[in-house]
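Working notes, structure below.
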Protein chains: 2
Amino acid sequence: MNQKAPTLQDVATTAGVSSNTASVVLNGAKSNTRVSEATRQRVLDAAQQLRYHPNAAARSLVHRKTDSIGVIFGVAGSSTDYVTNPYMAGILQGVLKVAGEVGYCVTIFTQPWVNANASAHRFRDGRTDGIIVIASPENSDILEGLSSLGIPLAAVACPGERYSVPTVDVDNRTGIEMAMDHLRELGHYKIALFTGEENMHSTPQRISSYRNRLKDWDCNLPAQWIHTCAYSGAGADAALRKIWQSSERPTAILACNDAIAAGVLAEARSLSIKVPEELSVMGYDDAEIASLQTPPLTTISQPLQQIGELTTHLLLKRLQGVPIEPLTVLLDPKIVVRKSTSVPSEDNQ
Amino acid sequence: MNQKAPTLQDVATTAGVSSNTASVVLNGAKSNTRVSEATRQRVLDAAQQLRYHPNAAARSLVHRKTDSIGVIFGVAGSSTDYVTNPYMAGILQGVLKVAGEVGYCVTIFTQPWVNANASAHRFRDGRTDGIIVIASPENSDILEGLSSLGIPLAAVACPGERYSVPTVDVDNRTGIEMAMDHLRELGHYKIALFTGEENMHSTPQRISSYRNRLKDWDCNLPAQWIHTCAYSGAGADAALRKIWQSSERPTAILACNDAIAAGVLAEARSLSIKVPEELSVMGYDDAEIASLQTPPLTTISQPLQQIGELTTHLLLKRLQGVPIEPLTVLLDPKIVVRKSTSVPSEDNQ
DNA sequence: ATCCACTGACTAAGCGATTAGTCATAGTAT
DNA sequence: ATACTATGACTAATCGCTTAGTCAGTGGAT
């Protein structure tokens with residue numbers, strides 16, 4: 001602060017009362033202090049005149065409550081694109097909305113998580129009342145570290161059950177099943193899966209759901225048809241090239257997000273593979289870029305903002321000590337059919 | 001906090017010393033207190049064992065410094081899409097990066113700005129050391145209100161000069177000139193301008209730059225060729241329809257951001273207007289969606305992340321009391337030529 | 001033996017706000 | 001006249017941390 005903010009004492013002095021009286025006037029009475037109407041008005045006038053606003057730090061010292069919630073973005077790989085990532089941004093948007101409704105600020109922690117031993121206690125710094133963890137990598141000990149310190153938490157797309165952390169996610173199993181079923185109905189069964197980072201919570205779930213579906217259909221596919229890319233889209237080009245050179249080609253590729261699918265489309269173009277005639281491609285997320293691809297992507301839509309809103313509600317509940325049941329909420333994905341999928345061509349059947 | 005965080009006193013007790021001694025050990029000595037090596041070690045061990053981390057609120061009360069900076073998003077119209085807006089997100093990303101480098105947290109204020117009288121003092125609440133204002137509407141008194149309370153500020157795309165607030169922006173004049181010159185070189189002079197909200201700082205600047213360019217060329221264009229849309233892209237379709245029905249049609253449309261340009265492209269498709277053969281379209285921002293449009297958008301690229309980084313540096317300087325000169329920094333836009341612009345067709349010349 | 005400097009650590013005040021507890025004064029009931 | 005109850009407002013402790021100021025003890029110099 002450059003220009004010192006007026007304190008409660010300043011208001012009190014201006015109004016000619018004690019700071020206690022001023023405090024009582026300015027926030028309903030919680031002591032048995034009584035104030036006459038005239039005095040009350042004098043205090044209110046003084047506060048108004050000085051543009052007084054209580055100091056949040058001092059207040060939170062007493063209340064042990066900061067009226068702000070923290071957000072930690074999980075990091076896949078070395079990526080530092082938090083809010084420019086449409087998945088993260090969509091969720092954060094939902095968090096901001098609900099936080100705003102209840103008068104909370106949102107503090108984004110900028111320090112990278114190293115490990116529980118080195119990092120966890122930094123987040124118990126009295127800056128926030130609780131923390132929302134968004135998409136922590138599977139091999140990270142964020143949830144474990146924070147929850148073992150007793151920090152109120154809520155999580156998105158994390159293995160929260162393990163640490164009794166209320167968690168919101170979109171049903172990865174259902175999403176993959178919807179995608180697989182859509183492709184199957186078109187006539188595909190040679191379906192390759194291009195996943196995101198292995199250490200993200202969603203990846204093993206989606207892989208296992210993919211495998212189950214194939215098993216349901218009695219399909220036995222080459223193991224190398226599961227390719228690990230990055231959610232940034234990196235690696236999708238190489239994966240497509242590799243799979244296209246192999247002896248057996250898939251007729252469809254299910255990408256685990258739209259960026260990966262976009263990478264596939266771009267590489268398909270440069271390999272002169274016609275989509276969807278020769279190869280159907282599906283995305284996941286229904287990000288803004290999905291409908292803008294050529295051809296527009298068939299994809300699985302996730303209600304990102306709703307995830308953020310719901311997670312915030314859960315954290316607020318936890319802060320109020322309201323029991324949360326069930327601990328994990330799975331929202332439903334939707335399939336959005338556009339132009340990147342079609343029946344497989346004859347010679348690929 | 002559920003599980004009470006250990007206090008300095010807890011550490012001191014565990015180590016068998018006074019809280020003062022513990023404090024001195026844990027943060028370089030600023031009192032003349034001396035500590036023996038043995039005692040020092042005992043304190044450090046105790047802190048480690050208890051996972052002690054100082055309470056930020058208590059600390060900031062003493063230091064009058066919170067190590068966190070605030071962000072307020074200006075709001076155009078009733079939009080509440082802060083971080084899902086790629087412009088805002090890009091800037092915020094830059095803010096997060098620099099803040100992280102110097103160990104600051106970033107607090108996003110979620111309460112909408114009403115007016116200086118009602119809102120300003122809320123932001124002098126000791127929660128943040130300073131505030132970054134991003135793209136406040138032209139008719140808002142955010143900067144005036146906050147700066148008159150002596151809150152350290154830095155701004156993006158705001159009329160900061162007026163209130164001695166260090167401000168970063170991309171040179172709107174240059175950007176429009178580059179766009180206009182590109183179109184002129186292709187042979188266009190019948191150029192319509194589709195702007196964002198009138199009350200955004202950039203809008204009048206861009207309009208005047210557009211007008212100046214036309215004047216340079218001795219062009220006299222119908223006034224209604226300037227259409228006010230929304231930066232969300234809303235209104236672009238109607239504007240195109242209207243302009244296309246008029247007696248004189250432009251050969252090119254310069255949209256003030258990519259969302260507006262995308263709206264124009266979509267409407268052009270449904271009106272069967274061929275882009276760029278019949279109509280050249282330019283965007284602005286070079287958002288992710290620009291290159292994905294059909295045809296890919298020629299656009300003016302703004303270094304969003306760099307804006308955020310620079311603005312944060314300016315705020316940090318101001319917090320340190322370093323004089324800032326010059327007060328306003330204008331970054332250079334770049335033109336990205338893609339496929340949505342070409343020479344105008346013969347019959348349109 | 002006396003003085004001084006240094007070592008090692010403590011006590012207490014204060015940051016700004018909240019709140020339990022105290023205390024005059026005035027008015028009312030007995 | 002006495003006891004009691006509102007009324008109106010104040011004092012002081014506390015939240016967790018920092019830091020200016022104080023102080024006892026030890027060892028070396030004079």
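Quick note on labels: first sequence line is chain A, next is B, and so on, each numbered from 1.
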Protein and nucleotides 6-8 of chain C: nitrogen or oxygen contacts under 3.5 angstrom:
residue, atom, partner, partner atom, Å
dG8(C), N7, R34(B), NE, 3.0
dG8(C), N7, R34(B), NH2, 3.4
dG8(C), O6, R34(B), NH2, 3.2

Atom pair CG (L143(A)) and CG (L153(A)), whose distance is rounded to the nearest 0.5 Å: 6.5 Å
Nearest-0.5 Å distance that lies between atom CG in L26(A) and atom CZ in R40(A): 9.5 Å
Sequence neighbours excluded - salt bridge (charged side-chain N to carboxylate O under 4.0 Å, His left out) pairs with any residue from residues 150-159 of chain B: none
Exercise: identify the closest heavy-atom pair between N55(A) and A57(A): OD1-N, 2.7 Å
Side-chain N or O of K65(B) closer than 4.0 Å to phosphate OP1/OP2 of dC15(C): no
Check ion pair R318(B)-E325(B) (N to O, under 4.0 angstrom): no
Is any side-chain heavy atom of [X] less than 4.5 Å from a side-chain heavy atom of [Y]?
| X | Y | answer |
| --- | --- | --- |
| T21(B) | T39(B) | yes |
| N115(A) | E144(A) | no |
| K97(A) | T110(B) | no |

Among all residues two or more places apart in sequence or in another chain, which pass the ring pair (Phe, Tyr, Trp, His ring centres under 6.0 Å) test with [X]?
| X | value |
| --- | --- |
| Y163(B) | none |
| F109(B) | F123(B) |
| H201(A) | none |

Span of DNA chain D in contact with chain B (heavy atoms, under 4.0 Å): dG16(D) to dT22(D)
Test item: side-chain donor near acceptor, T107(A) and T107(B), under 3.5 Å: yes
Partners passing side chain to side chain donor-acceptor pair (under 3.5 Å) against K65(A) (at least two apart in sequence or in another chain): D67(A), Y104(A)
Residue mapping more 5' on DNA chain C - nearest nucleotide basis, N20(B) or L61(B): N20(B)
Residue mapping more 5' on DNA chain C - nearest nucleotide basis, T21(A) or R42(B): R42(B)
Any residue meeting side-chain contact (heavy atoms from CB on, under 4.5 Å) with Q111(B), in chain and number order, not counting sequence neighbours: R122(B)
Any residue of residues 47-60 of chain B with a heavy atom less than 4.0 Å from an atom of DNA chain D: Y52(B), P54(B), N55(B), A58(B), R59(B)
Residues touching DNA chain D, which here means a heavy atom under 4.0 Å, drawn from residues 6-14 of chain B: T7(B), L8(B)
Distance-only donor-acceptor hits, side chain of residues 307-316 of chain B, under 3.5 Å, sequence neighbours excluded:
residue, atom, partner, partner atom, Å
T311(B), OG1, I307(B), O, 2.6
T312(B), OG1, G308(B), O, 2.7

Donor-acceptor pair under 3.5 Å, N27(A) side chain vs dT18(C) base: no
Terminal axis angle for the helix from dA1(C)-dT30(D) to dT30(C)-dA1(D), five pairs an end, nearest 10 degrees: 70°
